[in-house]
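Note sheet for the following structure.
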Amino acid sequence: MRVLFVCLGNICRSPTAEGVFRRKLSEAGLAERVTVDSAGTGDWHIGKAADARTSLAARQRGYDLSALRARQVEVADFSRFDLILAMDHSNLRDLQRMQPAVAQAELDLYLRRYDLPLDEVPDPYYGGADGFEQVLDLIEQASDALLAEVRQRL
Ligand code: 4NP
């Protein structure tokens, strides 16, 4: 199974989703069976490491995002992945606009898919440190639910 997480810049939310889910998979002994990646709808940060505030908040919870580099989502991703999970409504709309008519990937909003109290992972980029903690809180919850889905599908 192949899962792609998508946000706007690919330096805050989707790398966090990737790092958290990679660790869940590895703890579950499923790392070899699931391909995980992340991308941004925008092109501003291509090639860059995760935002320093994102990396720090993640590291404090034991997630290492240092190997991740930002890339932009591309049409080919719709055939490379089974499930593409958007962080907010705007990301979802941008993805829907670029989705090819015959697309293998299922497209969904990450939190809504698992009925979490919020629909979206709020963009933390222009806010304070609390925003980065909230991103981790939401993504850790969604990640547990995604792991349960993956276990069923494998
Ligand atoms: P992300 O956060 O989409 O979670 O990676 C953002 C990163 C950069 C910008 C906006 C959001 N930006 O405007 O550069």
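The analysis underlying the following values was restricted to heavy atoms, covering all of them including side chains, and did not include hydrogens, waters or symmetry mates. As the structure lists them, so they are numbered: ligands from 1, and atoms in each ligand from 1.
- At a 4.0 Å heavy-atom cut-off, ligand 1 touches H45 through the side chain alone.
- Residue C7 approaches ligand 1 through these ligand atoms, each under 4.0 Å from one of its heavy atoms: 1 (P), 3 (O), 4 (O), 5 (O).
- When the heavy atoms of V6, L8, V121 are ranked by distance to atom 10 (C) of ligand 1, first place goes to L8.
- Within ligand 1, counting atoms from 1 as listed, the ones closer than 4.0 Å to a heavy atom of I11 are 5 (O), 7 (C), 8 (C).
- Protein heavy atom at the shortest distance from atom 13 (O) of ligand 1 is Y126 OH, 3.3 Å.
- Residue contacts with ligand 1 for N10 involve N, CA, C or O but no side-chain atom from C-beta outward (heavy atoms, distance under 4.0 Å).
- Residue R13 has at least one N or O atom closer than 3.5 Å to an N or O atom of ligand 1.
- Set against the non-hydrogen atoms of D123, the atoms of ligand 1 under 4.0 Å away are 2 (O), 6 (C), 10 (C), 11 (C).
- The distance from the CD atom of E120 to the CG atom of L111 is 8.5 Å, given to the nearest 0.5 Å.
- Of the candidates F5, W44, Y125, the one placing a heavy atom closest to atom 9 (C) of ligand 1 is Y125.
- Residues R2 and D37 are not paired through a salt bridge, judged by the lack of any N-O separation under 4.0 Å between the basic side chain and the carboxylate.
- Every atom of ligand 1 is numbered from 1 in the order shown, and the set under 4.0 Å from a heavy atom of C12 is 1 (P), 2 (O), 4 (O), 5 (O).
- Scanning both residues, I139 and Y110, for their nearest heavy atoms gives O-OH, 4.2 Å.
- Using a 3.5 Å distance cut-off with no hydrogens or angles, the side chains of E18 and Y63 do not pair a donor with an acceptor.
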Item to complete: Show your reasoning for whether side chain to side chain donor-acceptor pair (under 3.5 Å) applies to N91 and D88.
Response: CA-CA 5 Å; N91 308 147; D88 65 30; 3.2 Å; yes
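- Under the 4.0 Å criterion applied to side-chain N and carboxylate O atoms, D144 and K24 are assigned as salt-bridge partners.
- A salt bridge links E133 and R61; the closest N-O separation between the charged side-chain nitrogens and carboxylate oxygens is under 4.0 Å.
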